[in-house]
Every structure is written in structure tokens, then in C-alpha cells.
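What follows is a single structure, written as C-alpha cells, with notes after it.
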Amino acid sequence: MTTTVAPPGTASTTPARAPRRARRWGDHLFVLPAVLFVAATVLYPLVFNVDLSFRDVGVAQIVNGGGEWVGWENYADQLGRDEFWHALAISLLYTGLAVAVAFALGMALAVYFNQRFPGRNLMRSLLLLAWILPTVVSANVWRWMLDGSYGLINTLLESVGLIDGDLFWLARPVPALFAVVFATAWSFTPFIMILLLAGLQGIPDTLYEAAKIDGAGAWRRFTSVTMPLLKPVNLTALLLCFISTFKTFDTVFLMTRGGPGEATMILPIYAYNEAFEYFRFDTGAVATTLMLVVPLGLSVFYFRSLRREELS
Amino acid sequence: MGRTGGRSAAWTARAVGVLAAAALLTACGGGSDDETSGDGGSTTLSLWHYYGTPDTPTGAAFENLVDRYEEEHEGVTIEVRHIPFGDFTRTLLQSAAGGDLPDIALINGFTTQALADAGVIQDLSDRVEEWGEADRYFETGWETTQADGATYAIPHVADAYAVYYNETMLAEAGLQPPTTWAQMQEYATQLSDGERYGLAFSGIEGDEGATALVIRLLAAGGDPADVDTEAGATALGQFTDMIAGGAVSSGVLTWNEEDVKNQFANGQAAMMINSATYLSILAEENPELQWNVALLPSDVQAATFLSQENLAISTTTENADAAWDVIAWMQQPDVLAEYLPERNKLAARDDVDTGDDPVRAIFAEQLQQAWAPEGDLAAASSEVLTRIQGALQAAAGGGTSVPDALAEAQGQIDEALANVE
């Protein structure tokens with residue numbers, strides 16, 4: 001029983017401080033706008049989507065409402081489709097590669113910018129441009145640069161004799177996958193760099209000096225001092241980057257629309273096609289619901305490890 | 001517990017305040033702003049289309065048409081909204097679900113049936129019968145307005161694909177436009193020299209990129225619902241050969257129709273398969289380019305791909321009579337005669353005189369051989385066409401053999417057709 005309404009006539013005896021429980025209720029009321037906001041923008045669509053995934057919903061049902069409850073039928077349909085598993089595999093491959101490239105580049109840049117040299121801050125801010133540039137701009141610029149007939153990258157490679165003739169990067173399965181991986185990694189690199197740089201700056205110089213005195217070289221200092229001390233930051237950077245890359249839609253959609261063929265058909269595009277190209281809203285909902293599982297699992301893992309860090 | 005009255009009153013007040021604010025927000029969100037009103041002779045109609053913003057040539061032509069209607073009909077205001085093609089059907093469906101449809105929608109011919117089945121657009125059969133002009137329309141195009149034996153739209157404009165060719169390049173090589181697909185391959189190979197290619201067409205990811213292969217398939221006597229056939233193998237085999245042999249750039253797999261036009265305009269391609277949409281744009285942007293248009297090559301049969309827009313009235317409109325008046329007016333032969341050349345489109349009916357321009361005449365002749373999906377294939381056309389493009393991609397760009405690519409596409413097409421309710 002947590003009611004807070006007091007009988008009338010007792011107000012005059014209100015003490016200076018309200019009882020603990022009642023006060024907490026009042027505090028909770030302040031959260032109400034946030035709760036309403038989250039409920040309306042996150043919870044409702046989520047529940048709606050999950051509900052949709054258990055119904056038979058085509059164009060007619062989305063317009064007129066209704067849609068018969070079909071239980072797990074849509075899930076069985078999707079899990080039995082090669083295309084779904086293909087999209088999941090491509091998603092994991094794309095995310096894994098992009099995170100690996102972004103992390104390697106981000107780490108290299110962070111170590112570099114952790115040193116003191118003139119113009120460091122300016123360079124750092126310039127690098128952030130890749131992160132703040134709207135994807136619709138960066139993805140289209142990548143698409144143009146990678147074009148076979150007028151693309152900059154082709155011209156460069158041709159001028160140094162690496163390739164001969166037109167190479168249409170986005171028209172061939174493997175080059176297209178690498179292209180979207182690199183474009184994604186390029187935009188995530190500054191984000192990782194900033195996170196790692198913050199971590200690096202938290203490592204006391206004295207540790208490096210001590211290692212130096214013990215005769216450790218630059219590489220040894222990196223592997224034995226930097227990496228172990230950066231572990232929590234690394235974990236954060238990797239997980240956040242993995243989660244946001246896994247749900248990336250715009251970069252790949254703008255560059256290849258999931259093509260050529262299905263070479264870059266990541267789950268978000270697969271789900272988009274199901275719902276908005278083929279108007280199978282039910283199986284599209286299944287795909288997006290299942291798509292949640294990977295980031296959700298990682299988020300749980302992330303918060304668990306955060307708590308463990310805090311406890312230790 | 002009995003001593004918290006003052007605070008509790010304050011909390012209640014706060015809670016009520018917050019709830020009221022929330023209620024207000026919901027009220028704002030849920031209330032539909034009624035775009036149509038009919039007070040004493042003045043009517044406002046809403047119309048959605050995907051032809052482009054008013055500053056584009058295609059969008060401007062359509063806005064001019066609407067302006068002309070408004071000038072001739074005092075008291076009628078048409079609020080035009082442009083939605084990009086890629087978002088159009090989705091936006092229409094979402095608006096239908098939200099109960100906020102426009103009065104009139106200019107829709108893709110191939111989506112008419114799906115929108116009718118979804119209850120987004122209304123049955124116009126009675127009005128069309130009273131109108132009495134249905135038999136003026138070309139059969140294939142009229143067929144796209146039908147769903148379950150009723151008429152749900154009337155055609156707006158039609159278009160067809162033909163071959164644009166660079167006169168200078170063909171003359172230098174001593175060639176006439178090809179009349180068979182064997183000639184097409186031979187000439188395209190002859191016309192390409194490493195710098196430029198013989199033929200260009202759009203083969204981009206998605207249904208848009210299926211057009212050329214469907215045209216080739218139809219010419220071989222094939223059926224887009226049945227691609228794993230001899231005709232399918234002929235069509236896909238030839239396209240794959242042309243791309244592998246350098247007669248066609250492998251860039252076609254990334255080009256949309258606009259890109260193809262640019263390739264042709266820049267002299268990067270000696271021939272292109274494209275619609276009449278680019279007639280005046282080519283002439284205006286590249287006045288020095290010498291080009292002409294020829295009928296598509298044919299083999300077993302002569303066929304092209306229909307491109308058509310239809311005008312439909314939403315199920316929720318309160319101004320159906322006024323909306324019908326607009327769409328029927330837009331189909332008057334004298335109105336079309338002025339509008340179509342400006343819009344670079346063809347009449348969907350046979351009684352419009354748009355002058356004696358020889359290039360338009362070729363397109364008009366090509367239109368007589370237009371193919372459009374019907375029945376189940378129409379309902380699943382977007383997916384089926386996407387699968388056909390997928391076969392082209394797999395064989396020409398992904399290294400899959402022609403039989404394997406066709407077999408895989410066939411499996412996906414069968415599944416798509418089976419999904420049609």
C-alpha cells in the first residue's frame with residue numbers, strides 16, 4: 001500500500017519534512033514526463049512491432065486495421081528462409097569487419113593524438129568532421145568516389161597502375177562489401193578515437209616513465225601498459241560501436257541498397273524491403289524484432305561489465 | 001501518513017498539470033487537420049504526386065497543368081504535394097493508416113491494384129461508365145486501372161522504352177540502328193572501344209533495374225513470371241555476354257535511368273534503352289549531341305515495357321465529385337495535347353494529337369507493343385522485378401552461371417507469386 005493521499009484536516013500538523021516514502025513518491029512524479037516520453041517514442045512502437053510480428057498483416061490490414069493472430073507462424077516462416085540467415089550473416093560480417101577497421105584506425109589515431117605537437121587540437125577537430133557529417137552526404141560522396149567511370153578512387157588506382165580499366169566497386173559483390181565496410185568504419189573512427197583518447201589521457205605518465213626505465217620499447221609499452229589500462233574503455237568503445245554499426249541502415253542503403261545481388265543485404269535493409277518494398281509488414285516486423293536480439297544481448301553484457309568495473 | 005495533506009495537494013496539482021499537458025499533446029497529435037473544405041462554392045482539394053518539385057522540368061510541367069485547371073475553375077484550389085518516388089507508396093499507405101489521405105493521388109500504374117486491394121483508392125466504375133471514354137484507351141494501359149473487375153483509376157500519361165542512338169557514332173561505324181537482338185549485340189560490340197560502350201541501360205539494384213532484361217526476355221518470347229526457361233536463358237545469357245565482352249559497361253548494375261541518360265549524353269555510350277522522359281532534357285542540355293530514336297530490336301516478338309501513371313481518388317475523400325472533375329479534365333485530348341510534349345510523355349489514349357514530331361511518333365508506335373504485369377504478377381510486380389534484376393546481377397556481376405541465376409530467381413518469383421492473397 002503506497003497511497004499518499006492524507007485525510008483532510010490533518011494538513012496543519014504537517015511536519016517540516018515529509019515522511020520518507022511520501023517524499024520519494026513526489027520525486028517519482030518528476031520522472032513522469034520522461035516516462036511518458038519513453039513510453040510514447042520507444043515502448044509503444046516496440047510493443048506495436050512485436051504485436052505486428054504475431055499477426056497476418058499485409059497492405060490491407062495496415063490500412064484498415066485488423067490482422068489475424070497467427071502465433072509463431074511468421075517467425076517460423078522467417079527462420080526457415082535462407083535469405084534471412086544470409087542477411088544475418090552479412091550483418092555480422094559487415095559489423096565485425098567495420099568495427100575491427102574502425103577500432104584499429106581509432107586506436108592508431110588516439111595514440112598519435114595523445115602526443116603533444118602543434119596543431120593537434122585543430123587536426124583532432126577536423127577528424128571529427130567524418131563523425132558529424134550527415135550520412136546522406138558521406139554515403140553519396142563514397143558512392144561517387146567509387147564509381148567505375150568517373151570515380152576518384154578508380155582514377156587514383158589507375159594512375160599508379162594498380163588497376164586497368166573501369167572497376168565498378170559497387171557492382172561486384174566482394175568489393176561492394178569492402179566498400180560499405182570501409183565507408184562505415186571511416187565514419188565511426190573519430191568516435192572511437194575520442195573515446196580512446198579520453199582513456200589514454202587517464203593513464204599517468206609515470207607508468208610510461210617507469211616502463212621506459214625498465215627498458216620497455218614503444219611497442220612493449222603499448223602492449224603492457226596502454227592496452228591493459230585501456231581495457232574498460234576498449235570494451236565500451238567496441239560495444240557501442242558494434243551496436244550502432246549493427247543497426248546501421250543509411251550508409252549501406254544509400255551506397256548499394258543491399259546489392260549487388262544480396263552481397264550487402266544487411267538485416268536492416270532486409271527488414272525494410274520486406275515491409276516497404278514487398279509490403280509484408282508482418283515478416284518485416286519479425287525481422288526487426290529478431291534484429292533486436294543481438295544489440296540487446298550486447299547491451300546486457302555491456303551494463304553487466306560496467307557494473308563489474310564499478311564494483312571493482 | 002495522515003500528515004501529508006499539503007504536499008499531497010501540491011503533488012496532485014502537479015500530476016494533474018502533467019497529465020493535462022500530456023492529454024493536450026495527444027490531442028494535438030491525434031487530431032487530423034482536415035485539408036478539404038467545401039464552404040459555399042469554394043473547394044480545396046489535395047493532390048499528391050511524385051513527378052518532382054516545381055523547380056524540376058517534370059514537376060513544373062505538372063504544376064502548370066494544375067494551375068491551368070485552377071484558372072479555368074474558379075473557386076477550386078488544388079494543394080499539390082510532391083513526395084519522392086521511392087517514398088510515395090509507403091507514405092500513401094502510412095497516411096491511409098492514419099486516416100489522412102489526399103483527395104487525389106497520382107500513382108504508379110503497377111501499384112494501382114495493390115492500392116485498390118488495400119482500400120486506399122476508391123472504385124470509380126460508375127463514374128467511368130457514365131464518362132464513357134474507357135474505350136479510347138490502349139488496352140495494356142487501361143488494364144492497369146483494373147482490380148477485381150472494377151475500375152479504380154484512370155490513366156494519366158503513358159511512356160515506353162525505345163532505343164536512343166548517337167547518330168554520329170553509328171554513322172562513323174556505317175551502322176543503322178539494330179532491328180534484332182543479335183544485331184544489337186554485334187553493333188554494340190563494334191561500337192565500344194574501351195573508352196565508350198556500345199549500349200547502356202539501367203540495371204540498378206531493385207525493380208527499376210529489371211526493365212531492360214524484361215524487354216529482352218519479352219523479345220525472346222518469354223514471360224517475366226517464368227524466367228527459368230529457354231527465353232530466360234537467351235535473354236540473360238546475351239546480357240551477361242555483352243557485359244563480359246565489354247559491349248555494355250558493368251557499371252549498368254549501378255546506374256539508374258538518369259545515370260544512363262548522362263552516360264549517353266556524355267558520349268560514353270553509343271546507344272541506350274530509355275523512356276521518352278529524357279527527350280527534351282537531352283535536347284536542352286546537350287544541343288550539340290546528334291541523336292535519334294529507334295524501335296527496340298525484336299526477335300520472337302516486338303515488345304517494350306510500359307511505364308504509366310494513373311490518377312485515383314482516395315476512399316476517404318469528402319470531395320469525390322470535385323476530384324473526379326479534376327482527373328477527367330486532365331484527360332481531355334486538348335489538355336493532353338498541350339501537357340504531354342512539355343512533360344515528355346505519351347498519351348494513354350488514341351485520340352490525342354501532339355503534333356507530328358518523328359521522335360514522339362517512334363515512342364507512340366513503341367507504346368503499341370507495351371507489356372505490363374497483370375493479375376497476380378501485377379500484385380507482386382515490385383518483388384518479381386527485383387528478383388529478375390537479382391538474376392542479372394548474379395550472372396553479370398557476381399559470377400553465378402546463367403542457369404543457376406535463373407533457377408534461383410525462379411524460386412523467389414514463385415514464392416512471391418504464392419504470397420499474393
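All chains are named by letter (A, B, ...) in the order of the sequence lines, taking the proteins before the strands, and each is independently numbered beginning at 1. Keep in mind the model is a prediction, meaning the values are calculated, not measured. These values consider heavy atoms only, across backbone and side chains, with no hydrogens, waters or symmetry-generated copies.
Other residues, nucleotides and ligands contribute more than 12 heavy atoms inside 6.0 Å of the CD atom of B:Gln94. Other residues, nucleotides and ligands place more than 12 heavy atoms under 6.0 Å from the CD atom of A:Glu83. When the shell of 6.0 Å around CH2 of A:Trp169 is examined, it contains 12 or fewer heavy atoms from other residues, nucleotides or ligands. Counting heavy atoms of neighbouring residues, nucleotides and ligands inside a 6.0 Å radius, atom CZ of A:Phe178 does not exceed 12 of them. Heavy atoms from other residues, nucleotides or ligands lying under 6.0 Å from CD of B:Gln410 number more than 12. More than 12 heavy atoms of other residues, nucleotides or ligands shown are found within 6.0 angstrom of CZ on A:Phe276. Other residues, nucleotides and ligands contribute at most 12 non-hydrogen atoms within 6.0 Å of the CZ atom of A:Phe48.
Between B:Ser382 and A:Phe279, the closest side-chain pair of non-hydrogen atoms is not below 4.5 Å. Looking at B:Leu93 and A:Phe281, their side chains come closer than 4.5 Å, going by heavy atoms from C-beta outward.
Rounding to the nearest 0.5 angstrom, the gap separating the OG1 atom in B:Thr254 from the CZ atom in A:Arg172 is 11.0 Å. Rounding to the nearest 0.5 Å gives a distance of 10.0 Å between CD1 of B:Ile204 and CG of A:Leu170. The CG atom of B:Asp207 lies 6.0 Å from the CD atom of A:Glu277; values are rounded to the nearest 0.5 Å.
Contact of B:Ala114 with chain A is made through the backbone alone, with heavy-atom distances under 4.5 Å. Heavy atoms of B:Glu415 lying under 4.5 Å from chain A belong exclusively to its side chain. Neither the backbone nor the side chain of B:Ser381 comes within less than 4.5 Å of any heavy atom in chain A. For A:Asn273, no part sits under 4.5 Å from any heavy atom of chain B, backbone or side chain. When heavy atoms are compared at a cutoff of 4.5 Å, B:Gln389 does not approach chain A at all. Looking at B:Arg387, only its side chain comes within 4.5 Å of chain A, counting heavy atoms on both sides.
For B:Ser250 against A:Ala171, the heavy-atom pair with the smallest separation is O-CB, 3.7 Å. The shortest heavy-atom contact between B:Glu205 and A:Gly258 is OE2-C, 4.2 Å. The shortest heavy-atom contact between B:Gly397 and A:Pro173 is O-CD, 3.2 Å.
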For A:Arg257 and B:Glu208, what are the C-alpha separation, side-chain angles and deciding distance, and is it a salt bridge (charged side-chain N to carboxylate O under 4.0 Å, His left out)?
CA-CA 12 Å; A:Arg257 295 185 80 98; B:Glu208 182 183 353; over 6 Å; no

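Annotation: maximal heavy-atom pairing with chain A below 4.5 Å, among B:Gly251, B:Gly246, B:Ala96, occurs at B:Gly251.
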